[in-house]
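Since we're looking at a predicted model, the values are computed, not measured. By convention in this document, chain letters (A, B, ...) are assigned in the order of the sequence lines, proteins followed by strands, and residues within each chain are numbered from 1.
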Number of protein chains: 4
Amino acid sequence: MLNRVILIGRLTRDPELRYTPAGVAVTQFTLAVDRPFSNQGGQREADFIPVVTWRQLAETCANYLRKGRLAAVEGRIQVRNYDNNEGRRVYVTEIIADNVRFLESANSANREEGGPATGGGGNYGGGGSGNGGNRGNFGGARDNQDPFQDDGRPIDISDDDLPF
Amino acid sequence: MLNRVILIGRLTRDPELRYTPAGVAVTQFTLAVDRPFSNQGGQREADFIPVVTWRQLAETCANYLRKGRLAAVEGRIQVRNYDNNEGRRVYVTEIIADNVRFLESANSANREEGGPATGGGGNYGGGGSGNGGNRGNFGGARDNQDPFQDDGRPIDISDDDLPF
Amino acid sequence: MLNRVILIGRLTRDPELRYTPAGVAVTQFTLAVDRPFSNQGGQREADFIPVVTWRQLAETCANYLRKGRLAAVEGRIQVRNYDNNEGRRVYVTEIIADNVRFLESANSANREEGGPATGGGGNYGGGGSGNGGNRGNFGGARDNQDPFQDDGRPIDISDDDLPF
Amino acid sequence: MLNRVILIGRLTRDPELRYTPAGVAVTQFTLAVDRPFSNQGGQREADFIPVVTWRQLAETCANYLRKGRLAAVEGRIQVRNYDNNEGRRVYVTEIIADNVRFLESANSANREEGGPATGGGGNYGGGGSGNGGNRGNFGGARDNQDPFQDDGRPIDISDDDLPF
DNA sequence: TTTT
DNA sequence: TTTT
């Protein structure tokens, strides 16, 4: 009925931009969010929280975010589940972001910086990529029970349609 | 660095109150939170989000919350992971709540209501329960790689200490 | 850069629905939000927080909310200011809501209930109402330095255009 | 019943640290938070939102925050009111913060920086300051109807006790 | 000016 | 699998 999340953390890797078969941009990245206390060993741990953005926001995140950068994310928690190929139900929890703030620009973050990051598949080019290799589903999903979803709404695409 | 979640939803089951070997109360329940849109089939889906509370708040939740009741939860996202007995890393995402509001009292919610709900094990009583049966770990965890954690900080307990 | 507020509280009065000269619906109400502690006299105080909604949400709030009802509000803080007729700058702080949840329906809240509540002026009918009476500005504003604002963006209307 | 605010913005001035007569640290500053849209003239406006912190957090804010720095603030909205010396009731809305994150360190923010900022009065030293001058009440309050409050709970102090 |  |  109400579902709101606000996070501030650092990207663990460059964001990955992909496109659905319908051409909708989707970017995934993970935020490392330090916990507000130390563990028994006196060390600060972090939560690694997957974030998904769609459409224009996805393009912008892919263009401006990089590994190590600080970002604020606003969105909602989404829990997907699917049965993996051992017949076990797997739950994937992600933040579907509707607002992302870049808290460090390229010059304020003094790290090695490449050009815009794109996911392996890049812009949708179709082509029967077969079933080998990493098909790039989020959250470690290995199976086609876990298709891309448009803004959280499932979209009906076959495995062959996938751009990765 | 900042990690804040606010949810309003309904409990999918009665809350489960347990105690760590050190006697710390911990209550787990799942909130069903309706999504703010319909899926392609025109149906409203929900996210099922696991919530964990500790200490006094755990006791209060166990006493006042029941299946079907509406509640507001404030807390932070925590992502735990452990390796299951097939050698696969499993991620468990939960809300560690520090504030819970009961939005329906027993009389305003007209459902069948039992007495206070307690988890199978109840107050820690020791007893070598072996390794059979449901050991009650959260998030569908089946294995002892996923011990209880005190307020998110790992606590060092052996399997035999577990009250379930 | 980021501005997010979530409140749960009760309406201190029926909501007031009005229309801008351009016909845009705007509803104002105040939430009483109990503080999470007692004051020195051992009494629970509340904050009285003004909320503004626009367009469709304004209509829905006017239709479904009533004095005493419990509601959850999501939005952003907006601070307006104007100079009153004593030359003093007055600050008005309101929540511009983009999401309102009705946590009590008409039957779960057992209070005297009238029909849909409308502000004094109702649907915009023009008419030179002069300067007598309650001109209905929010936040106690008395002067025309405080015109209605569309979604927070100022709109250019003269005093004579005001429907109240 | 629930009252949560999260802001990211920049300080409009150096923070002001003061002490209550009981020696409790309290720091006030204002965040400029850009609105997520442009006004009719195509310009981005900002909301100027007063923030209050107490105790250890107050000391830390006074030590590490400066004019122009970016900060994230988590807290609750508090609405105080008092009658000014023209017999008019004045409402003061502030964020009582329980969590502040410094999103820019002294070296990442390239601005003129002085030493730690202290409010005019500094550490409470008594001294009959009479009633002349700026007594430093928050939110433009001019009168002693607006005493400091400890964590939002009113504290019983006379005007003469005030350190400013 | 305030809600349960 | 993880960020500063």
Test: [X] and [Y] ion pair at under 4.0 Å:
X     : Y      : result
C:E86 : D:R88  : yes
A:E74 : A:R101 : no
D:R10 : D:E104 : yes

How long is the line joining [atom1] of [X] and [atom2] of [N], in whole Å?
X      : N     : atom1 : atom2 : value
C:E16  : E:dT2 : CD    : P     : 16 Å
A:L11  : F:dT2 : CG    : P     : 16 Å
C:D47  : E:dT2 : CG    : P     : 14 Å
C:L65  : E:dT4 : CG    : P     : 14 Å
D:N3   : E:dT4 : CG    : P     : 19 Å
C:E104 : E:dT4 : CD    : P     : 9 Å
C:D34  : E:dT3 : CG    : P     : 11 Å
A:L7   : F:dT2 : CG    : P     : 19 Å

Practice task
Would you classify B:Y91 as touching base, sugar-phosphate or nothing, given that sugar-phosphate means primed atoms plus P, OP1 and OP2, and contacts are heavy atoms under 4.0 Å?
Solution key: base

Handout entry: Test applied, side-chain contact (heavy atoms from CB on, under 4.5 Å); reference residue, D:N3; option that passes from C:L7, C:L31, C:I6
Key = C:L7

Handout entry: Among F:dT3, E:dT3, F:dT2, the one nearest C:K67 by side-chain distance
Key = E:dT3

Exercise for the section: Flag as yes if A:F48 stacks onto the base of F:dT3 (centroids under 5.5 Å, planes under 30°), otherwise no. Expected result: no

